[in-house]
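Here the structure comes first, spelled out in structure tokens, and everything after it is commentary.
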Number of protein chains: 2
Amino acid sequence: MLKLSTKGQYGVRAMFEVAKGYPDRPVSIKEIARRQEVSVAYLEQILSTLRRAGLISSVRGPGGGYLLTHGPAHISIAVILRELEGPVSIASCMDPEEGCHRVEGCVTHTLWRSLGEKIDAFLSTITLDDLLKDERLLMDAAEHDRIVTIKRAAAGQGG
Amino acid sequence: MLKLSTKGQYGVRAMFEVAKGYPDRPVSIKEIARRQEVSVAYLEQILSTLRRAGLISSVRGPGGGYLLTHGPAHISIAVILRELEGPVSIASCMDPEEGCHRVEGCVTHTLWRSLGEKIDAFLSTITLDDLLKDERLLMDAAEHDRIVTIKRAAAGQGG
DNA sequence: TAATACCCTACTAGATTTGTCAAGTATTTA
DNA sequence: TAAATACTTGACAAATCTAGTAGGGTATTA
């Protein structure tokens, strides 16, 4: 339950690759596709959405690619997912576009809203910068052959 | 994003109605259907699943219906949803049945796992008893015409 | 002008969701 | 025992969503 679509998942991973080029090296779709094992055509759709949302900008022509418009520490996972999949809406009646015709008398309404807010709050605290740091940790740990420490670090990452 | 299917939503609402009959008044599908505005046929499927899972038991014949097998304070929303929709698995590769073929080197893996654990923890703290109390609060507030207070109460309900 | 790389729309196979329908079985009450 | 109530099960199907593919563009650089 509560699955994220591949669009959202790939989107985060793509943004992570773009973040690696921050602040000035454009990262091409081809490079992202190779590193993250996702098709170029599918990534085009995803990155196009993120560009229109203003999270990244594009540079055309040879040597071109995508650039973060803000520092990695200022782009949260919540923002990326919201652009690709819309706002968190556990029950469809919570979606601002639809609305709920039986809010009063509906005992689950506040429950879903609380859960949604919790999820949103958590994803808002994690940024691309955290993912970059995590990767450094991961590589570090692999070198020293003590993977275990990462898990502890990751577990403590949300408040 | 992160929608719950209607099966899960209706399931929780149905369990809430069954909880109202606790400990000894069987609640019929027809009654649940009327109160929660869900079709009888669809509810049959849902309740059948919950019965096989051992969350409720059934009484046949006239005056029959469904009964909670444990007290409302001991049945969490997490348990209900898990039976109807499977475990929380933000990314499909987190599903115990599938497994992830690129765990190492995948920066998002620990992120999705952390989120999943947070969601599970939250839903495990909310029980049917909380929903029953919430309804009493709701009715109380409606009487006194100060709906606003509920929202505050509900917002503070999770840790 | 050739090569690179982004840009955009349309389309579709397959899975999932959200139910309905029909034909049972079990239990109680008159 | 017959009738009524109510749970039980499995098949089926329309609608929607997902997860892409395909194929044409346009902009920039060397």
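Worth knowing before you read on, the calculation uses all heavy atoms, side chains too, and leaves out hydrogens, waters and symmetry mates. Naming convention: chains lettered A, B, ... in sequence-line order (proteins, then strands); numbering from 1 in each chain.
Using a 4.0 Å cutoff to heavy atoms of chain A, the contacted part of DNA chain C runs 5' to 3' from C:dT4 to C:dA10.
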**Study point:** Letter per nucleotide, 5' to 3', of nucleotides 15-20 of chain D [B base touched, S only sugar-phosphate touched, - untouched; heavy atoms, 4.0 Å]
**Key:** ----BB
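The nearest whole Å value for the distance from the CD1 atom in B:Ile29 to the P atom in D:dT9 is 11 Å.
A salt bridge (charged side-chain N to carboxylate O under 4.0 Å, His left out) check over residues 37-50 of chain B, counting only residues at least two apart or in different chains, returns the pairs A:Arg102-B:Glu37.
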May I have the list of side-chain donor-acceptor pairs in residues 63-71 of chain B shorter than 3.5 Å, sequence neighbours left out?
{"residue": "B:Thr69", "atom": "OG1", "partner": "B:Gly54", "partner atom": "O", "Å": "2.8"}
{"residue": "B:Thr69", "atom": "OG1", "partner": "B:Leu55", "partner atom": "O", "Å": "2.9"}

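Applying the side chain to side chain donor-acceptor pair (under 3.5 Å) rule to A:Arg51 yields no partners; only residues at least two apart in sequence or on another chain are considered. Residues satisfying the side-chain contact (heavy atoms from CB on, under 4.5 Å) test with A:Ala91, not counting sequence neighbours, are A:Cys93, A:Met94, A:Trp112, B:Gln9. For the side-chain contact (heavy atoms from CB on, under 4.5 Å) test, residues two or more places apart in sequence or in another chain that qualify with A:Arg35 are A:Glu17, A:Lys20, A:Glu31. Residues passing the side chain to side chain donor-acceptor pair (under 3.5 Å) test with A:Ser124, sequence neighbours excluded: none. Scanning for side-chain contact (heavy atoms from CB on, under 4.5 Å) contacts around A:Thr49 gives A:Arg52, A:Leu84, with sequence neighbours left out. Among residues two or more places apart in sequence or in another chain, the side chain to side chain donor-acceptor pair (under 3.5 Å) test is passed with B:Asp120 by B:Arg82. Looking at residues two or more places apart in sequence or on another chain, you find a ring pair (Phe, Tyr, Trp, His ring centres under 6.0 Å) between A:Tyr42 and A:Tyr10.
Counting heavy atoms from C-beta outward, A:Leu131 and A:Val12 have side chains that approach closer than 4.5 Å.
Mapping A:Val27 and B:Val40 onto DNA chain C by nearest heavy atom places A:Val27 closer to the 5' end of the strand.
In the region residues 50-63 of chain B, proximity to DNA chain C at under 4.0 angstrom, judged on heavy atoms, holds for B:Arg60, B:Gly61, B:Pro62.
At a threshold of 4.0 angstrom between heavy atoms, the contacts of B:Leu47 with the nucleic acid are absent.
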